[in-house]
**Student:** 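Can you keep this structure in mind? I'll have questions shortly.
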Amino acid sequence: MKKNSLKKSPLFGIVAVLLGILLIVSLAWSTGRQSTFKESTAKSTVYHQSRVARLLQGDGKVLKGTWQNELGDLIVISKKGQVKGNYQDKHLVKFEKSFSRKEDSFKNTLLTSDPDVNLIFIFTPAHHKIDKSFFAEGFEDSSDSSRDRIYLTQSSISDEQMTSRTFYKVAK
């Protein structure tokens, strides 16, 4: 008798219909999220490739914005690719030439107000590590790789210098 009473129960039918609807909605939502993630990843890849091409053509304005290190030093790069700021008591002036690429890092020379002191300027986009060739032997990238970053140096990078010489974008 219990089997017959379950089949005829309106509550059982309502629960079955609700579970079916829930399953359909869940599958549709999951498929939509996967599609959105794929579209977002594709757009991000195209944007990254566009920035890479522009940097290699010497377009410093790709880096436009205000960048800051943990000591509070600021670098401001204008939409025209001009560089302003002070670093190690030197006024930053401009990029010397077009950028060169080493894996996912981009290198340029940054001229300062002191003609005898130029800095190695390294830009590495988010989700990439600074290329190992820029480091002193035995050292590796310990910066926050979830963010775009700029690194300034006069020689090879070592861990002692990493935090004070790494700049992260703080404003556009």
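Basis for what follows: all heavy atoms, side chains included, without hydrogens, waters or symmetry-related copies.
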**Student:** We want to know whether Ser133 and Asp131 form a side-chain donor-acceptor pair, criterion being a heavy-atom distance below 3.5 angstrom.
**Tutor:**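 Short answer, yes.
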**Student:** Are Ile120 and Ile130 grouped together when hydrophobic residues (ILVMFWY) are joined by side-chain heavy atoms under 4.5 angstrom apart?
**Tutor:**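 Same cluster.
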**Student:** Are Val83 and Leu63 connected in a single hydrophobic cluster, I mean Ile/Leu/Val/Met/Phe/Trp/Tyr linked by side-chain heavy atoms less than 4.5 Å apart?
**Tutor:**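 Both belong to a single hydrophobic cluster.
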**Student:** Please report the shortest heavy-atom distance between Lys64 and Lys172, naming the atom on each side.
**Tutor:**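 Closest approach of Lys64 to Lys172: NZ-C, 4.0 Å.
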**Student:** Any chain of hydrophobic side-chain contacts (each under 4.5 Å) joining Phe134 to Tyr151?
**Tutor:**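 Yes, Phe134 and Tyr151 fall within the same hydrophobic cluster.
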**Student:** Tell me whether the count of non-hydrogen atoms from other residues, nucleotides or ligands lying under 6.0 Å of CD in Glu70 goes above 12.
**Tutor:**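 Yes, CD of Glu70 has more than 12 neighbouring heavy atoms, counting only those of other groups under 6.0 Å.
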**Student:** Examine Leu74 and Ile77 and state if one hydrophobic cluster contains both, with Ile, Leu, Val, Met, Phe, Trp and Tyr joined whenever side-chain heavy atoms are less than 4.5 Å apart.
**Tutor:**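 Result: no, two separate clusters.
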**Student:** From Lys84 NZ over to Leu92 CG, what is the distance, rounded to the nearest 0.5 angstrom?
**Tutor:**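 Here the rounded value is 12.0 Å.
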**Student:** Can you name the one residue among Tyr168, Phe167, Trp67 that meets side-chain contact (heavy atoms from CB on, under 4.5 Å) with Asp148?
**Tutor:**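 When Tyr168, Phe167, Trp67 are each tested with Asp148, the side-chain contact (heavy atoms from CB on, under 4.5 Å) holds only for Trp67.
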**Student:** Please round to the nearest 0.5 Å and tell me the distance separating atom CG of Leu71 and atom OG1 of Thr166.
**Tutor:**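 Taking CG in Leu71 and OG1 in Thr166, the distance rounds to 10.5 Å.
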**Student:** To the nearest 0.5 Å, what is the distance between CD (Gln82) and NZ (Lys94)?
**Tutor:**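 Result: 10.0 Å between the selected atoms.
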**Student:** Identify the two heavy atoms, one from Ser146 and one from Ala126, that lie closest to each other, and give their separation to 0.1 Å.
**Tutor:**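 Closest approach of Ser146 to Ala126, heavy atoms only: O-CB, 3.4 Å.
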**Student:** Identify whether Phe99 and Leu110 are in the same connected component of the hydrophobic contact network (ILVMFWY, side-chain heavy atoms under 4.5 Å).
**Tutor:**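 They do share one cluster, since a chain of ILVMFWY contacts under 4.5 Å joins Phe99 to Leu110.
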**Student:** Would you name the heavy atoms of Val93 and Thr112 that are closest together and state the gap between them?
**Tutor:**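 For Val93 and Thr112, the tightest heavy-atom pair comes out as CG2-C, 3.5 Å.
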**Student:** If you look at every heavy atom in Pro115 and Ser113, which pair is closest and at what distance?
**Tutor:**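 Scanning both residues completely, I find the closest heavy atoms to be CD-O, 3.4 Å.
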**Student:** Supply the atom-to-atom distance Ile75 CD1 to Asp73 CG, rounded to the nearest 0.5 angstrom.
**Tutor:**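 CG of Asp73 is found 8.0 Å from CD1 of Ile75.
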**Student:** Consider side-chain hydrogen bond (donor to acceptor under 3.5 Å, both in side chains). Of Asp144, Asn69, Thr124, Asp141, which one does Arg149 pass it with?
**Tutor:**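 For Arg149, the side-chain hydrogen bond (donor to acceptor under 3.5 Å, both in side chains) test succeeds with only one of Asp144, Asn69, Thr124, Asp141, which is Asp141.
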**Student:** Could you check whether any side-chain N or O of Lys129 sits under 3.5 Å from a backbone N or O of Asp104, counting only pairs where one atom can act as donor and the other as acceptor?
**Tutor:**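 Checked: no pair found.
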**Student:** Rounded to the nearest 0.5 Å, what separates atom CZ in Phe123 from atom NZ in Lys169?
**Tutor:**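 The distance works out to 7.5 Å.
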**Student:** Within the supplied structure, the quantity of interest is the number of heavy atoms (other residues, nucleotides, ligands) at a distance under 6.0 Å from Glu137 CD; does it exceed 12?
**Tutor:**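 No, the 6.0 Å shell around CD holds no more than 12 heavy atoms from other groups.
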**Student:** Verify, without hydrogens or angle tests, whether Asn108 (side chain) and Phe121 (backbone) share a donor-acceptor contact under 3.5 angstrom.
**Tutor:**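 No, because the side chain of Asn108 does not come within donor-acceptor range (under 3.5 Å) of the backbone of Phe121.
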**Student:** Just verifying a value: how many Å separate Asn118 CG and Gln154 CD, rounded to the nearest 0.5 Å?
**Tutor:**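 Between atom CG of Asn118 and atom CD of Gln154 there are 8.5 Å.
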